[in-house]
Amino acid sequence: MREPVTSGSLLAWYDQHARDMPWRVAPHDRARGVMPDPYRIWLSEVMLQQTTVAAVKDYFVKFTNLWPTVDDLAAADDPEVMAAWAGLGYYARARNLLKCARVVATEHGGVFPSSRESLQALPGIGPYTSAAIASIAFDLPETVLDGNVERVMARIHAVETPLPTAKPELMDLAQALTPRERAGDYAQSVMDLGATICTPKKPACGICPWRDGCEGRAAGIAPELPRKIAKKAKPTRRGVAYVLRNSKGDWLLETRPNKGLLGGMLGWPGSDWTEEPIPAPPIQTSWEPAGVDVRHTFTHFHLILNVMTARADTPPDKGVFIPHLSFRPSDLPTVMRKVFDVAKHRFEQN
DNA sequence: TACTCGTGGGA
DNA sequence: TTCCCAAGAGT
């Protein structure tokens with residue numbers, strides 16, 4: 001029999017194929033009245049912004065073990081939360097996560113609001129995340145529009161308008177399909193479909209529950225959709241990172257300003273990152289090159305970091321010495337951890 | 001509107 | 001190697 005492109009046919013598929021995730025309430029448990037914890041849904045959705053499920057899982061478990069409730073998180077110290085987020089990227093999310101937890105704790109009595117409008121008023125919660133929390137945690141009939149939904153809608157309706165221009169059109173199509181009942185399961189079902197079958201490359205149309213009514217497939221253009229505006233090429237920037245240890249073996253680190261790239265994160269003192277960086281050592285001493293440059297790619301530029309090392313007890317112009325035994329490289333953002341790996345190797349040679 | 005903001009995995 | 005991109009938000 002032919003399956004129509006309806007929420008019902010996708011929900012039937014989801015009942016059989018829902019993926020298991022640490023924050024998810026399985027459809028058969030939802031059917032018995034089990035509701036998700038809004039705190040866990042919020043935390044997972046913020047972590048999942050532009051980030052894969054595989055990358056998020058361990059961080060989610062770590063955060064919920066350290067801070068089981070929103071009140072626990074609200075009471076945490078900023079550096080501990082930033083350190084726990086280290087490696088996950090987009091660090092403004094962690095800063096806004098704390099802001100949001102504190103607003104919920106102090107202004108909402110530790111209880112997340114349920115309406116999409118009140119959720120979107122909170123720090124770090126935008127159009128997608130507000131709809132995701134309202135539907136998944138509170139079962140309200142809100143429509144999520146993320147990259148998965150955009151792709152699925154563009155394909156089943158053969159929308160050839162490129163993104164981001166097509167966004168309002170895709171939102172209208174997504175809203176038209178959103179059911180009154182089981183909105184949370186439905187939202188997750190579309191995203192599961194996009195993540196496992198209606199994938200960006202080589203979609204598995206042959207096993208798609210919506211294949212019979214997919215206009216993109218009928219036109220033979222499903223894998224090409226959604227069309228996108230071409231992106232600009234990434235420039236390459238350079239910089240110098242300084243890794244200083246004193247005679248006790250402590251490491252000189254600084255907390256970066258609470259805005260901009262890697263804002264609020266721990267890092268090595270260094271020059272600016274530009275096409276022509278100006279050296280800016282934290283002290284004047286005999287710096288030695290580590291020998292190997294660190295290469296790293298951010299969202300909008302490539303970076304080549306020249307790593308300099310030295311031992312000295314001179315009080316530095318910036319940063320603080322962190323005792324060897326309490327320094328955890330895992331507290332650093334990835335690019336800074338790469339610098340550490342190179343510098344550590346250099347120190348071990350001497 | 002357009003730009004900023006991370007990272008790791010896969011093709 | 002290089003490019004793409006993944007459950008976006010803030011400015």
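To find a chain, count down the sequence lines: A is the first, B the second, and so on, and within it residues start at 1.
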Review point. On DNA chain B, nearest-nucleotide positions of A/Thr297 versus A/Lys201: which is more 5'?
Key: A/Thr297

Exercise for review: Hey, which sits more toward the 5' end of DNA chain B by its nearest nucleotide, A/Pro164 or A/Ala92?
Suggested key: A/Pro164

Review point. Within the pair A/Gln50 and C/dG8, is there a side-chain N or O less than 4.0 Å away from OP1 or OP2?
Key: yes

Review point. Is there a donor and acceptor pair, one atom on the side chain of A/Tyr128 and one on the base of C/dG8, closer than 3.5 Å?
Key: no

Check your understanding: Quick one: the side chain of A/Thr299 and the base of B/dG6, do they pair up donor-acceptor inside 3.5 Å?
Key -> yes

Review point. Nearest nucleotide by nearest heavy atom, which residue falls closer to the 5' end of DNA chain C, A/Val53 or A/Leu122?
Key: A/Val53

Exercise for review: Give A/Lys202 one of three labels, base, sugar-phosphate or nothing, depending on what nucleic acid heavy atoms sit under 4.0 Å from its own.
Suggested key: nothing

Exercise for review: In whole angstrom, give me the gap between the P atoms of C/dT11 and B/dG6.
Suggested key: 14 Å

Check your understanding: Touch check for A/Arg95, heavy atoms < 4.0 angstrom, all strands: base, sugar-phosphate only, or nothing?
Key -> nothing

Check your understanding: Taking side chain as C-beta onward, heavy atoms only, is A/Leu122 less than 4.5 Å from A/Pro113?
Key -> yes

Exercise for review: Report yes if a donor N or O on one partner sits less than 3.5 Å from an acceptor N or O on the other, where the partners are the side chain of A/Thr51 and the base of B/dG6; otherwise report no.
Suggested key: yes

Point to revise | Touch class at under 4.0 angstrom, heavy-atom based, for A/Gly263 against every strand present | key: nothing

